[in-house]
Amino acid sequence: MDSPFGLLAELTYRCPLSCAYCSNPINMASYTDELSTDEWRRTLAEAAELGVLQAHLSGGEPLLRRDLVEIVDQAAGLGLYTNLVTSAIGFSRRTAERLREAGLDHVQVSIQADAPVLSDRIAGIPSFQRKIDAMRLVKELGWPLTVNVVLHRRNIDRIADVLRLAEEVGADRVELANTQYYGWAWKNRDALLPSREQLAQAEAVVREARERLSMDVLYVIPDYYSKYPKPCMGGWASRQLTVAPNGEVLPCPAAQSLPLPKASIREQELAEIWTDSPVMNAFRGTDWMPDPCRSCDRQELDFGGCRCQAFQLTGDASRTDPVCHLSGDHEVVAAAVAAAQQPVSLQLTPRPHRPQQA
Ligand code: SF4
Ligand code: FES
């Protein structure tokens with residue numbers, strides 16, 4: 001068994017924004033008992049010991065953690081490459097300088113669109129200008145900057161303008177990330193899924209930009225439109241792990257929704273969870289696979305797709321991801337894609353800023 005390479009540290013699910021495409025869990029109230037600073041220190045130390053090389057500090061909005069500088073300091077001290085994944089709300093000059101001093105290596109700032117009105121409408125609060133200011137500050141302080149835009153039906157037609165904006169702020173990399181339908185995004189899927197025509201136009205813009213621009217342009221088509229599923233997480237519990245705000249350890253951020261036994265950093269050491277826990281071993285390797293994956297020559301390429309998506313779409317996490325055209329359940333994906341070719345007038349449900357008690 002390989003060591004995990006990357007740790008996604010979801011420091012909190014609280015967030016000043018309320019994007020309807022958020023992949024945080026719907027049941028955020030289960031995550032209010034956030035790990036303390038010392039518990040995160042211990043988690044990071046155990047992750048480094050286990051072989052983790054990169055720590056992605058994410059959320060929610062990680063800047064809402066008052067101890068973010070201490071957490072970065074610990075991760076950097078352990079030799080981990082640290083990446084802050086942020087909406088940039090709360091990224092003041094003082095905080096940025098303290099993070100720089102603590103050893104933060106990279107900053108990824110999300111923006112909702114290239115135009116202030118649309119960006120603010122999607123984010124749920126006036127935030128566009130603060131994001132632009134933060135991106136400039138990231139560059140001024142010498143960090144590599146990734147600009148991340150989650151794409152969906154309401155902003156995918158603006159990729160050319162988004163790329164212009166990323167160029168203007170001096171981004172090193174732009175991540176055009178089609179919405180992944182988990183959590184709140186799953187609830188809003190039918191209002192977010194773009195049409196085939198929108199995708200064709202987006203791809204043409206991306207192709208042209210890749211030839212012209214020196215910055216990296218990352219773009220992956222939404223898997224609903226692919227013939228084969230995405231190799232989710234590079235395989236279940238293969239190279240990545242996630243620690244949720246309450247210390248739950250998962251092979252991916254969406255796996256909390258699966259009916260699997262829980263494992264927590266509060267009860268067990270990370271190495272033991274990685275190696276022996278039922279949640280990590282549930283879909284490791286290829287032995288668990290049913291047909292058609294069991295007899296398919298792509299099983300080591302896409303690992304049967306995404307377990308969380310299989311569960312969402314079929315109620316059974318061990319089935320072939322219905323995105324695959326060979327899956328017996330592919331019709332559920334085909335129906336969603338067919339609906340997306342028609343005009344859509346559905347309202348979006350924004351995610352709440354903080355977990356709401358039931
Ligand atoms: Fe991948 Fe399974 Fe589809 Fe083969 S049948 S392409 S392994 S999802
Ligand atoms: Fe959980 Fe794909 S998101 S396996």
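Numbering starts at 1 and runs along the sequence shown. Just so you know, ligand 1 is whichever comes first in the structure, and atom 1 is the first atom listed for that ligand.
Taking the charged nitrogens against the carboxylate oxygens, Arg93 and Glu140 do have a contact shorter than 4.0 Å, which makes a salt bridge. Salt bridge annotation for Asp133-Arg130: absent, with no cationic side-chain nitrogen under 4.0 angstrom from a carboxylate oxygen. One finds a salt bridge joining Arg42 and Glu46 here, because a Lys/Arg side-chain nitrogen approaches an Asp/Glu carboxylate oxygen to under 4.0 Å. For the pair Arg212 and Glu208, the salt-bridge criterion is met [side-chain N within less than 4.0 Å of a carboxylate O].
A donor-acceptor pair is defined here as one N or O able to donate and one able to accept, closer than 3.5 Å; such a pair exists between the side chain of Tyr225 and the backbone of Pro194.
For the ligand labelled ligand 1, residue Asp321 lies outside the 4.0 Å heavy-atom shell. Under a 4.0 Å heavy-atom criterion, Tyr182 is in contact with ligand 2. Proximity of Met233 to ligand 2 is not established, as no heavy-atom distance is less than 4.0 Å.
For atom 2 (Fe) of ligand 1, the closest non-hydrogen atom of the protein is Cys293 SG, 2.3 Å. Of all protein heavy atoms, the one lying nearest to atom 4 (S) of ligand 2 is Arg307 N, 3.5 Å. Atom 7 (S) of ligand 1 has Asp302 OD1, 3.4 Å as its closest protein atom, hydrogens excluded (heavy atom only). In terms of protein heavy-atom proximity, atom 3 (Fe) of ligand 1 is closest to Cys324 SG, 2.3 Å.
At least one N, O or S atom of Cys296, from either the backbone or the side chain, sits less than 2.8 Å from atom 4 (Fe) of ligand 1. Using a cut-off of 2.8 Å, one finds that Cys306 contributes an N/O/S atom close to atom 2 (Fe) of ligand 2.
In the vicinity of Pro229, heavy-atom distances shorter than 4.0 Å reach the ligand 1 atoms 8 (S). Close approach of ligand 1 to Tyr228 is summarised as follows: ligand atoms under 4.0 Å from at least one heavy atom of the residue are 6 (S). Here is the list of ligand 2 atoms found below 4.0 Å of a heavy atom in Cys252: 1 (Fe), 3 (S), 4 (S). Per-residue contacts place Gln299 under 4.0 angstrom from the following atoms of ligand 1 (heavy atoms of the residue considered): 7 (S).
Only side-chain heavy atoms of Cys232 come within less than 4.0 Å of ligand 2; its backbone N, CA, C and O stay farther off.
The cationic group of Arg173 does not satisfy the cation-pi geometry with Trp143, failing either the under 6.0 Å distance to the six-membered ring centre or the 45° limit from the ring axis.
No chain of hydrophobic side-chain contacts below 4.5 Å, direct or via other Ile, Leu, Val, Met, Phe, Trp or Tyr residues, connects Leu8 to Met233.
Checking Gln268 against Asp276 by side-chain atom types alone, no donor-acceptor pair falls below 3.5 Å.
Counting only heavy atoms from C-beta outward, the side chains of Val279 and Pro251 approach each other to under 4.5 Å.
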